[in-house]
Q: 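This structure is in structure tokens; I'll ask about it shortly.
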Number of protein chains: 2
Amino acid sequence: MKKIYVIGIGPGKKEGLTIEAKDALIESDVLCGYTVYVDLVKDYCPKKTIISTGMTKEIERCHAALKEAVEGNTVAMVCSGDAGVFGMAGLIYQLSEDYEPVEIVPVAGVTAALSGGAVLGAPLTHDFAVISLSDLLTPWDLIETRLRGAGMGDFCTVIYNPASKKRADYLLKACDILMEKKSPDTICGYVRNIGREGQEHKILTLKELREEKLDMFCTVFIGNKDTKIIKEKMVTPRGYEKRM
Amino acid sequence: MKKIYVIGIGPGKKEGLTIEAKDALIESDVLCGYTVYVDLVKDYCPKKTIISTGMTKEIERCHAALKEAVEGNTVAMVCSGDAGVFGMAGLIYQLSEDYEPVEIVPVAGVTAALSGGAVLGAPLTHDFAVISLSDLLTPWDLIETRLRGAGMGDFCTVIYNPASKKRADYLLKACDILMEKKSPDTICGYVRNIGREGQEHKILTLKELREEKLDMFCTVFIGNKDTKIIKEKMVTPRGYEKRM
């Protein structure tokens with residue numbers, strides 16, 4: 001059967017790939033993905049038939065990958081982070097219904113919640129939620145409902161796509177919704193360009209985060225009521241204190 | 001400065017490690033962790049001073065790792081999945097306050113939400129929450145609050161530690177709480193022994209999941225209102241339908 005690997009390549013640096021992801025890239029005939037991600041891993045694809053497309057061209061990219069697979073090629077479709085988390089695995093399954101049978105093999109990768117968490121310390125040692133603020137594909141009222149659910153449950157909350165030029169005030173709105181339930185002094189952090197050149201991070205409170213000007217290269221972490229700063233790192237305790 | 005790598009080794013199979021995690025293991029003098037995880041990676045640690053302890057001995061294990069680092073060794077503390085997600089990174093930071101300065105370097109890994117998601121298909125293509133049902137360190141009423149928040153936000157929800165011998169009915173209780181807001185026909189799935197011998201999975205509805213007898217080696221996935229089955233896989237759409 002023809003095969004498409006949908007591969008999460010992790011945060012960006014080559015060492016962030018899993019061994020399984022690297023092996024799948026090496027095995028593939030065709031490398032497919034958003035231009036920036038293709039450039040990060042193309043050295044691993046020896047035959048180097050490359051299909052790269054710009055941002056927002058996800059549907060075209062997945063059709064191209066499925067056509068290559070139907071023609072008998074082993075295809076590597078690369079995504080940043082994980083193959084599933086806001087990645088291409090879902091869309092490949094959906095579109096595959098219109099094609100001859102193709103084996104789809106998602107290869108998991110380190111999503112920004114984990115790679116960014118490691119930069120900040122240990123913000124996700126307890127229950128957490130991941131929410132994207134992008135309303136390109138999701139109505140804003142559903143995003144608000146999710147933020148309210150995260151606030152109500154006092155989840156550690158990771159925000160993907162916190163802002164873009166068109167959505168300059170979305171993070172501010174999100175912080176206001178979270179502050180309906182969470183303290184303005186909740187410990188938060190963000191990381192810009194995780195695992196890439198120019199990586200930087202900052203730890204701050206929720207009310208300070210509200211005023212911060214971030215961009216689409218940032219991942220944001222909002223703590224729960226127990227999250228604290230230890231040695232300049234953001235740490236959410238699991239609850240071992242009770243045993244100490 | 002002395003150094004402790006806190007390393008997420010992924011789901012279990014060796015190919016699930018990141019290249020960064022493998023490199024950190026090779027560099028380390030001392031390997032420290034729960035016996036099962038230590039056995040999975042010990043071939044990578046050439047010098048093989050091994051400190052392995054049983055389950056629930058997390059505090060002792062972290063003290064041992066910190067002592068080794070203070071004595072001048074490079075230590076690898078291994079966790080399954082990610083170093084942060086219910087992992088040892090948080091506890092190492094907390095306990096490090098009582099020791100001489102030690103450099104703590106979390107190395108992210110593929111947590112079960114991602115590796116299990118890849119087995120089931122693409123269940124986490126939209127906003128999601130991760131909740132542990134273990135009440136060893138967390139009061140059950142907080143777990144209920146989190147489940148209600150996840151239900152209210154219609155999050156795709158990943159459940160870690162869904163059951164143990166002492167907590168046989170916790171998954172049933174969790175399903176009942178989620179069904180206050182989610183349909184009993186919500187598409188769900190679970191994976192047992194992700195990435196290890198005996199891996200198996202099942203896709204079913206939320207009301208069927210409620211009756212399932214699971215164990216601590218299972219990770220459970222509950223879809224959102226749009227999650228569906230495509231070619232026997234669990235797929236949560238991102239919302240590209242609007243563009244098609």
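Treat the numbers as computed from the prediction; the structure is a model and nothing was measured. A note on names: the letters A, B, ... follow the listed sequences, proteins ahead of strands, and every chain is numbered from 1.
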Q: Do you know the tightest heavy-atom contact between B/Phe155 and A/Ala150?
A: CE1-N, 4.1 Å

Q: Mind checking the CG-NE2 spacing from B/Leu137 to A/His126? Nearest 0.5 Å is all I need.
A: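 Rounded to the nearest 0.5 Å, the CG-NE2 separation comes to 7.5 Å.
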
Q: Look at atom CD of B/Glu232 and say whether more than 12 heavy atoms of other residues, nucleotides or ligands are closer to it than 6.0 Å.
A: no

Q: Could you give me the CA-CA distance, side-chain angles and deciding distance for A/Lys233 and B/Ser96, then say whether side-chain contact (heavy atoms from CB on, under 4.5 Å) is met?
A: CA-CA 12 Å; A/Lys233 297 287 181 177; B/Ser96 72; over 6 Å; no

Q: For B/Glu97, I'd like to know if atom CD has over 12 heavy atoms of other residues, nucleotides or ligands within 6.0 Å.
A: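 Yes.
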
Q: With a 4.5 Å limit on heavy-atom distance, are the side chains of B/Val85 and A/Phe128 in contact?
A: yes

Q: Below 4.5 Å from any heavy atom of chain B, which atoms of A/Asn224 appear? Answer side chain, backbone, both or neither.
A: side chain

Q: Within a reach of under 6.0 Å around NZ of B/Lys173, are more than 12 heavy atoms found that belong to other residues, nucleotides or ligands?
A: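 Enclosed.
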
Q: Is it true that a side-chain atom of A/Asp127 and a backbone atom of B/Arg146 form a donor plus acceptor pair closer than 3.5 Å?
A: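 Not confirmed, A/Asp127 side chain does not pair with B/Arg146 backbone.
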
Q: Do any N or O atoms from the side chain of B/Lys231 and from the backbone of A/Glu103 form a donor-acceptor pair under 3.5 angstrom?
A: no

Q: Give, as side chain, backbone, both or neither, the part of A/Leu17 having an atom under 4.5 angstrom from any heavy atom of chain B.
A: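 Both parts, backbone and side chain.
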
Q: Is there side-chain contact between A/Lys228 and B/Gln94, with at least one heavy-atom pair below 4.5 Å?
A: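 Yes - at least one pair of side-chain heavy atoms lies under 4.5 Å apart.
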
Q: Do B/Met234 and A/Tyr93 have side chains that approach each other closer than 4.5 Å (heavy atoms only, starting at C-beta)?
A: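 Not in contact.
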
Q: When rounded to the nearest 0.5 angstrom, what distance separates CD1 in A/Ile230 from CG in B/Leu95?
A: 9.0 Å

Q: Among A/Gly109, A/Ala83, A/Ser115, A/Gly87, who wins on heavy-atom pairs under 4.5 Å with chain B?
A: A/Gly109

Q: Under a 4.5 Å heavy-atom cut-off, does chain B meet the side chain of A/Glu58, its backbone, both or neither?
A: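 Answer is side chain: those atoms of A/Glu58 sit under 4.5 Å from chain B.
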
Q: Go through the steps to decide whether A/Lys22 and B/Ile19 satisfy the test side-chain contact (heavy atoms from CB on, under 4.5 Å), and finish with yes or no.
A: CA-CA 9 Å; A/Lys22 190 179 116 176; B/Ile19 297 164; 3.8 Å; yes

Q: Taking all non-hydrogen atoms of both residues into account, name the closest pair between B/Met152 and A/Thr145 and its distance.
A: O-CG2, 3.6 Å

Q: Does atom CD (B/Glu180) have a neighbourhood of more than 12 heavy atoms from anything else shown, all under 6.0 Å?
A: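 Buried by this count: over 12 neighbours within 6.0 Å.
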
Q: Quick one: closest heavy-atom pair of B/Ala122 and A/Gly90, and the distance?
A: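 Nearest pair, atom of B/Ala122 first, then A/Gly90: CB-N, 3.5 Å.
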
Q: Looking at A/Gly121 and B/Pro106, what are the two nearest heavy atoms and their distance?
A: O-CG, 3.6 Å

Q: Rounded to the nearest 0.5 Å, how far does OG1 of B/Thr111 lie from CG of A/Asp82?
A: 10.5 Å

Q: B/Thr18 versus A/Glu15: any side-chain heavy-atom pair under 4.5 Å?
A: no

Q: Kindly give the heavy-atom pair with the smallest separation between A/Leu114 and B/Ala108, and that separation in Å.
A: O-CB, 3.6 Å

Q: Identify whether the distance between the nearest side-chain nitrogen and carboxylate oxygen of A/Glu20 and B/Lys13 falls below 4.0 Å.
A: yes

Q: Could you tell me which portion of A/Ile131 (side chain, backbone, both or neither) has an atom closer than 4.5 angstrom to a non-hydrogen atom of chain B?
A: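 Both parts, backbone and side chain.
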
